[in-house]
Amino acid sequence: MKFKGIAALAAAATVSSAGAWATTYTETVDAGNTLASSITLPGGTTSVEGKLEGGGDNQPADLYKFTLDADSRLTIRLLSSAFDANLLLFNSLGQGLAGNDDTIPGFTPCDTASSASLDSCISIDLLAGDYFVAASINNAYGYDADGRIMLGNDNGILPTPSLQVLSYVLGGTLYGADRDYTLTFIATGDSEVPLPAALPMFASALAGGTFLRRRKGAKA
């Protein structure tokens, strides 16, 4: 038996037992571009209303930490009409998992809407645990402590986590005013529900008992 598209799980990527349910987080303090300066999203967050800071030679990236309470298929979308949105995803250690900038070779967008716009989307199977997502502008990259690129917006979903670990994230240059964006999370489950180990034995015992009763009835 399978439960597909569990409604409760679909409601929030960051649901926790202590968190509120299905809420929007508004970025009032600028999220940092390192793991240490990232903003931790409250439990129950399903969307983020954020802003990339503009200005001369500014290469903005906002990094958020979130928690999955169960193994899930997670879909993250970065939507903006003000810039070319790019996404980067990291595990709890800062190892790169995926990057997206519209349609790229070897990577299927979440849907046709993603490929027809400058919005970005990552849909990936993840285990329960902590993760980091970076919202940035075109040409977004994660760098290790030695300044080497360890994940880029055109990487798609990596077959295995990167060996290098994130030190900071930078995007392309954003001139002029600050630019608004919306970051959304949808997690869906597809959980196998096996019979408990005792149940097959119990079922066999019932079948055997029925067979014995039938044999006794035939003898009578």
Side-chain angles (χ1 to χ4, degrees), residues 13-14 25-42 45 47-68 74-80 82-102 104 106-107 118-124 126-127 129-185:
T14 56
Y25 176 85
T26 301
E27 181 196 21
T28 55
V29 176
D30 186 43
N33 66 335
T34 67
L35 299 186
S37 63
S38 65
I39 287 179
T40 298
L41 297 177
T45 300
S47 65
V48 174
E49 294 297 332
K51 193 183 297 288
L52 289 183
E53 294 192 348
D57 298 325
N58 195 22
Q59 295 178 276
D62 289 344
L63 200 60
Y64 298 95
K65 181 180 180 180
F66 63 91
T67 301
L68 280 176
L74 180 65
T75 299
I76 307 172
R77 298 178 190 274
L78 180 60
L79 314 172
S80 179
F83 61 92
D84 184 0
N86 279 217
L87 279 172
L88 300 177
L89 180 66
F90 307 88
N91 63 16
S92 61
L93 300 177
Q95 296 171 304
L97 299 178
N100 179 245
D101 172 23
D102 314 318
I104 59 173
F107 178 70
L118 296 180
D119 298 330
S120 291
C121 182
I122 291 172
S123 189
I124 184 174
L126 296 174
L127 299 176
D130 295 333
Y131 296 91
F132 295 87
V133 61
S136 190
I137 197 168
N138 189 37
N139 298 324
Y141 299 101
Y143 298 85
D144 67 10
D146 295 322
R148 299 173 298 180
I149 294 175
M150 44 80 69
L151 181 67
N153 54 261
D154 288 335
N155 279 136
I157 296 175
L158 303 183
T160 56
S162 66
L163 295 178
Q164 296 162 271
V165 175
L166 178 68
S167 181
Y168 58 95
V169 179
L170 292 177
T173 302
L174 183 61
Y175 297 104
D178 297 348
R179 313 292 174 88
D180 294 332
Y181 64 81
T182 300
L183 187 65
T184 65
F185 302 87

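No hydrogens, no waters, no symmetry mates; every other heavy atom, side chains included, goes into these values.
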Could you tell me the separation between the [atom1] atom of [X] and the [atom2] atom of [Y], rounded to the nearest 0.5 Å?
X	Y	atom1	atom2	result
Cys121	Arg77	SG	CZ	4.0 Å
Leu68	Leu126	CG	CG	6.0 Å
Leu52	Arg179	CG	CZ	9.0 Å
Asp119	Ser80	CG	OG	7.5 Å
Ile149	Leu170	CD1	CG	10.0 Å

Can you find a heavy atom in the side chain of [X] that is under 4.5 Å from one in the side chain of [Y]?
X	Y	answer
Asp62	Tyr181	yes
Gln59	Tyr141	no
Asn86	Asn138	yes
Leu97	Ile122	no
Asn91	Pro161	yes
Phe66	Ile76	yes
Leu74	Tyr131	no

**OP:** If the plane angle is over 60° it's perpendicular, under 30° parallel, otherwise tilted; pick one for Tyr143 and Tyr168.
**Re:**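 Because their plane-to-plane angle is under 30°, the rings of Tyr143 and Tyr168 count as parallel.
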
So which heavy atom on [X] is nearest to which on [Y], and how close?
X	Y	value
Ser38	Phe132	OG-CE2, 3.4 Å
Gly142	Phe90	CA-CZ, 4.5 Å
Glu27	Ile39	CG-CD1, 4.5 Å
Ser162	Met150	OG-CE, 3.5 Å
Leu183	Phe185	CD2-CZ, 3.8 Å
Pro42	Tyr25	CD-CD1, 3.7 Å

[Y] backbone acceptor or donor facing [X] side chain under 3.5 Å:
X	Y	answer
Thr173	Asp57	no
Asp146	Arg148	no
Asn153	Asn139	yes
Ser136	Pro60	yes
Ser120	Leu78	no
Glu53	Asp178	no

Original post:
Which residues satisfy the side chain to side chain donor-acceptor pair (under 3.5 Å) test with Ser37, sequence neighbours excluded?
Top reply: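 For Ser37, the residues satisfying side chain to side chain donor-acceptor pair (under 3.5 Å) (neighbours in sequence not counted) are Thr34.
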
Original post:
Can you tell me if Thr182 and Glu49 form a side-chain donor-acceptor pair at under 3.5 Å?
Top reply: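 Yes, side-chain donor-acceptor contact under 3.5 Å.
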
**OP:** Pick out which of Asp144, Asn33, Leu63 makes a side chain to side chain contact (heavy atoms under 4.5 Å, CB included) with Leu166.
**Re:**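 Output: one option passes, namely Leu63.
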
